[in-house]
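For reference, the structure discussed in these notes is given below.
A note on names: the letters A, B, ... follow the listed sequences, proteins ahead of strands, and every chain is numbered from 1.
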Protein chains: 2
Amino acid sequence: MVQTWEVPATGLRERKKQRTRWALIGAALDLFLAKGYEATTIDEIVAAVDVSQRTFFRYFAGKEDVALSVMREHDQLFVATLAGRPADEPPVTALAAAIHSVLDTVRYADEDHAGRFAKVRDVIDHNPALAIAQLRYFSELEHELATILARRMDADPATDLRPTLIAATFLTVMRVAFERCARDGLFQPDEVATRIEEAFALAAETLPRAWSGG
Amino acid sequence: MVQTWEVPATGLRERKKQRTRWALIGAALDLFLAKGYEATTIDEIVAAVDVSQRTFFRYFAGKEDVALSVMREHDQLFVATLAGRPADEPPVTALAAAIHSVLDTVRYADEDHAGRFAKVRDVIDHNPALAIAQLRYFSELEHELATILARRMDADPATDLRPTLIAATFLTVMRVAFERCARDGLFQPDEVATRIEEAFALAAETLPRAWSGG
DNA sequence: GAACTTATGGCAGCCGCTGACACATGACAA
DNA sequence: TTGTCATGTGTCAGCGGCTGCCATAAGTTC
């Protein structure tokens, strides 16, 4: 499975753009790690890469978006994998398989992936403003997942809330697992993957019992 | 059950403060309704109440906070009710009872409550920026609920994820119900209450089955 | 009514973000 | 190679959210 940022650039122009883009992301993440998200100004980020502030805003919708864009590209793989799962598979099984596949990729495919993954989680989990931004991102992702699930379940997304409920609950468990990692200071893909599996096992045991009045 | 804003003001000074506070909230909500959240400037809000911008920021942490503060005060009743439920009740039963009690209060207690409730839901559901702010608020509320649930369940909130999972899932269902209302243009407490009950019934039926691989 | 506490207003300024315009730099064809 | 076109970049000017600082006004207390 190929990530967006690894698609071979067609010309010199495109290659330059990708370079600047990743330079900005790198500089931003390092600054966020070093002195905090709020304390870092856009001027500092662009100074480190030697581009103008205006250029920054041509690459990213805002300051938050730098961190989010990395997550976004990780999750493109997730969505693609989910869409490729067999259609007769139960929804939650497909979701679990997809997330498992992504985590394996992050862990074993590429040194850079693993490092970037840890860095992004570290930055997000240490900065409340970014944790909020992550919530926003999750709600976008929720809609995407709900749409895919609706298609799998032969449900009308306009009237049937079940795909949305499943997608939302799935992401909620993910988020709780992430928060657990943040609290324990765990950012490496291996460690995060383990906690996610634990959280899902616990959810499978706890939620049905709690909901059917136990 | 008494709301914060109805606690009798002790002196002239306090009474004046409450008046400006509610004047600001009223002006802000009306402006948000009339011309949208983003298009409304703080200068316009304070002009309508004839106070300085600086004063606005002494009452509210930010522009979003005006809308959130109304929700916050609704939910104080919710938290208080939850804390008062019998300790041997299953968590989800207690949550359901508490939300039911709040909705009844909003519906029948006071004309103002009902109107304000509808207005706030209307404003939030029509403005993406406020919907995001609501997510932030829900995550604060999640921590509060998890703490209360942990006490009820005799669990250590530092290591046991179950209270957090239950609180988070509960709020997720609430949020999905709200989004449903937003899509259908329903903002009156009665209508919202019905949708919330429907969403919970659907969740009770859907989630356990989905999670135990059905 | 004097002395105190506390809310308010005005100001200057930072920072995130955007539109408009001019310039520079790759892309492509003659 | 050169001219033309498309596209990315820098500069600047400006808005709006938000904050610190200090002087002043208003309510409270004795």
Letter per nucleotide, 5' to 3', of nucleotides 23-30 of chain C [B base touched, S only sugar-phosphate touched, - untouched; heavy atoms, 4.0 Å]:
--BBS---
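- Atom CG in D43(A) sits roughly 14 Å away from atom C1' in dG10(D) (whole-Å rounding).
- Between E179(B) and R175(B), at least one side-chain N (NZ, or NE/NH1/NH2) sits under 4.0 Å from a carboxylate O, which counts as a salt bridge.
- When atom types are taken as modelled, the side chain of R72(A) and the backbone of Y137(A) share no donor-acceptor pair closer than 3.5 angstrom.
- The aromatic rings of Y37(A) and F32(A) sit perpendicular to each other, their planes meeting at more than 60°, with 30° as the lower class boundary.
- Looking at F138(B) and M71(B), their side chains come closer than 4.5 Å, going by heavy atoms from C-beta outward.
- Between E140(A) and R136(A) there is a salt bridge, with a side-chain nitrogen of the basic residue lying less than 4.0 Å from a carboxylate oxygen of the acidic one.
- Ion pairing of R116(B) with E73(B) is absent here, as no side-chain N (NZ or NE/NH1/NH2) approaches a carboxylate O to less than 4.0 Å.
- The pair R180(B)-E198(B) fails the salt-bridge criterion, with no side-chain N (NZ, NE, NH1 or NH2) lying under 4.0 Å from an Asp/Glu carboxylate O.
- Not one side-chain nitrogen or oxygen of K63(A) sits closer than 4.0 Å to the OP1 or OP2 atom of dC17(C).
- For the segment residues 52-61 of chain B, residues with any heavy atom less than 4.0 angstrom from an atom of DNA chain C are, sorted by number, S52(B), R54(B), T55(B), R58(B), Y59(B).
- Ion pairing between R107(B) and D104(B) holds under the 4.0 Å rule for side-chain N and carboxylate O.
- Taking atom CD of residue E44(B) and atom P of nucleotide dC15(D), one finds them 14 Å apart after rounding to whole Å.
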